[in-house]
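Atoms within a ligand are numbered from 1 in the order they appear, just like the ligands themselves. What's counted below: heavy atoms across the whole structure, side chains too, no hydrogens, waters or symmetry copies. Source: prediction; values computed, not measured.
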Amino acid sequence: MAERRKIIIDTDPGQDDAAAIMLALASPDEIEVVGITAVAGNVPLDWTSRNARVICELCGRTNIPVFAGAERPLLRQLVTAEHVHGRTGIDGPQPDLPDPTMPLQEKHAVDFIIDTLRGEPEGTITLCTLGALTNIATALQRAPDIAPRVRQLIMMGGGYFEGGNITPAAEFNIYVDPDAAKIVFASGIPIVMMPLDVTHRVLTLRRRVEKIRAIGTAPAIALAEMLDFFERFDVEKYGSDGGPLHDPTVIAYLIRPELFRGRDCNVEIETESALTVGMTVVDWWQVTKRPHNAHVMRFIDDEAFFELLTERVARL
Ligand code: RIB
Ligand code: CA
């Protein structure tokens with residue numbers, strides 16, 4: 001069994017973020033969710049900080065502290081993705097999932113990240129990022145001492161062989177805040193990167209969504225309805241049977257790392273060019289001498305991934 005991890009999930013829910021949060025909450029033997037920090041991305045912060053609590057309540061976990069973080073990127077205007085995720089960010093369930101009763105924590109997400117990393121023993125907290133890296137970069141700017149204290153940062157973001165999904169060159173999480181990504185990739189924190197090269201291989205095929213719906217519980221049905229909505233954009237765009245279920249790959253890695261294959265690489269972030277801003281330049285073929293700063297994943301056992309997700313969601 002994988003080592004039990006204490007994690008902070010930094011997220012912009014998002015139907016696929018919801019799936020990731022559900023997978024984490026359904027896996028207490030492997031994962032302790034110390035807190036969830038919301039960031040603006042798929043939808044504005046008011047929605048992402050609401051949606052994180054909605055998902056916790058859907059899973060019966062109102063004890064998970066949820067914090068609001070950055071409402072916009074470090075330097076740039078916020079770009080959102082309602083065209084993919086809908087007005088609420090977690091469109092799909094009919095009627096919409098109810099507003100949360102659990103409160104938002106008073107503390108700012110960045111302060112929670114700093115305080116947790118300083119307060120817990122060094123090397124015991126893993127950061128799992130599912131959105132733009134604004135909260136993490138802000139914490140690093142404000143408290144550089146926390147970088148060596150991070151056990152690992154598992155992030156969904158970037159793309160190389162698969163290109164981009166918000167521009168031809170850039171994946172959405174990096175594109176929203178490329179300056180934050182540049183800071184994080186230069187931080188020295190051990191990074192595991194789940195790019196589009198992996199997530200485009202985990203498609204919400206109809207048979208997979210129906211297996212989740214057939215579980216028949218409220219969380220499972222709500223997730224299936226979120227995936228029904230989420231995939232329609234990608235089916236139109238990619239012509240594929242189902243959409244890429246990006247974010248749960250981050251959590252699945254902590255539970256079954258053997259499902260993944262990749263390699264240590266240098267990754268640089270383009271922040272200057274109007275044409276390619278937000279691109280993750282991955283030196284996969286090691287053609288430079290630039291230092292390896294990330295373990296970049298490229299392959300996943302997609303059937304086993306969905307078996308894991310389905311088996312765990314059934315536990316909620
Ligand atoms: O590009 C996909 C990523 O952007 C996912 O994390 C999705 O939720 C959005 O945040
Ligand atoms: Ca996300």
Side-chain angles (χ1 to χ4, degrees), residues 7-24 36-45 47-52 54-55 66 69-70 72-73 78-86 88-92 109 127-136 153-178 180-181 184 192-204 223 226-227 229-234 237-238 240 242-253 269 277-280 297 300 309:
I7 73 171
I8 294 173
I9 299 175
D10 192 73
T11 179
D12 64 336
Q15 291 88 347
D16 58 323
D17 303 68
I21 293 168
M22 294 171 78
L23 178 55
I36 296 177
T37 52
V39 66
N42 283 324
V43 286
L45 182 67
W47 281 110
T48 59
S49 57
R50 169 201 180 267
N51 295 344
V54 166
I55 300 307
V66 176
R72 51 160 299 178
L78 177 64
V79 170
T80 54
E82 286 89 348
H83 60 293
V84 177
H85 299 274
T88 72
I90 50 173
D91 282 23
L127 302 177
C128 295
T129 67
L130 313 178
L133 291 162
T134 317
N135 287 339
I136 310 302
L153 187 152
I154 328 290
M155 49 99 56
M156 190 280 138
Y160 188 58
F161 298 96
E162 282 292 297
N165 61 0
I166 188 76
T167 76
E171 176 278 326
F172 182 77
N173 287 340
I174 307 298
Y175 182 75
V176 168
D177 199 339
V184 170
V192 174
M193 178 177 164
M194 292 291 170
L196 297 178
D197 309 278
V198 163
T199 67
H200 279 182
R201 298 172 190 268
V202 288
L203 299 180
T204 58
L223 177 58
M226 281 188 263
L227 299 186
F229 181 92
F230 172 70
E231 77 168 41
R232 89 215 178 290
F233 170 79
D234 289 294
K237 176 175 174 179
Y238 297 104
S240 58
L245 194 55
H246 307 283
D247 291 339
T249 60
V250 167
I251 304 302
Y253 173 75
I269 310 296
V277 61
M279 181 175 181
T280 49
M297 293 300 187
I300 182 172
L309 177 64

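With R232 contributing its side chain and G243 its backbone, the two residues share no donor-acceptor pair below 3.5 Å. The main-chain N or O of F172 is found under 3.5 Å from a side-chain atom of N165 such that the two form a donor-acceptor pair. The closest donor-acceptor contact from the side chain of T204 to the backbone of E231 lies at 3.5 Å or more, if one exists at all. With hydrogens and angles disregarded, no donor-acceptor distance shorter than 3.5 Å links the side chain of D197 to the backbone of M297.
Between H246 and F230, the ring planes are perpendicular. Angles over 60° get that label, and only those under 30° would be called parallel.
No donor-acceptor contact under 3.5 angstrom links the side chains of T48 and D12, judged on distance only. For the residue pair D10/T129, the side-chain donor-acceptor check at 3.5 Å is not satisfied.
At most 12 heavy atoms of other shown residues, nucleotides or ligands fall within 6.0 angstrom of atom OH in Y175.
Close contacts between ligand 1 and N165 involve ligand atoms 1 (O), 2 (C) [criterion: under 4.0 Å to a heavy atom]. For ligand 1, the atoms lying closer than 4.0 Å to a non-hydrogen atom of N173 are 3 (C), 4 (O), 5 (C), 6 (O), 9 (C), 10 (O). Each of the following atoms of ligand 1 lies closer than 4.0 Å to a heavy atom of M156: 2 (C), 3 (C), 5 (C), 6 (O). Those atoms of ligand 1 that come under 4.0 Å of a heavy atom in N42, given as number and element, are 7 (C), 8 (O), 9 (C), 10 (O).
For the pair H85 and ligand 1, the shortest N or O to N or O distance does not fall below 3.5 Å.
The two atoms that bring F229 and D91 nearest to each other are CB-O, 3.5 Å, heavy atoms only.
Between T280 atom OG1 and I174 atom CD1 the span is 6.5 Å, to the nearest 0.5 Å.
Residue contacts with ligand 1 for L130 involve N, CA, C or O but no side-chain atom from C-beta outward (heavy atoms, distance under 4.0 Å). Residue contacts with ligand 1, taken as heavy atom pairs separated by less than 4.0 Å, involve D17 solely via side-chain atoms from C-beta onward.
By heavy-atom distance, the residue among T199, V250, V176, D16 lying nearest atom 5 (C) of ligand 1 is D16.
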### Task
Apply side chain to side chain contact (heavy atoms under 4.5 Å, CB included) to V43 and E82, showing your working.
CA-CA 6 Å; V43 286; E82 286 89 348; 4.0 Å; yes
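Closest to atom 6 (O) of ligand 1 among all protein heavy atoms lies D247 OD1, 2.6 Å. Here the protein heavy atom with the shortest distance to atom 2 (C) of ligand 1 is E171 OE2, 3.4 Å.
If you look at the Ca ion (ligand 2), the protein N, O or S atoms less than 3.0 Å from it are D12 OD1, D17 OD1, D17 OD2, L130 O, D247 OD2.
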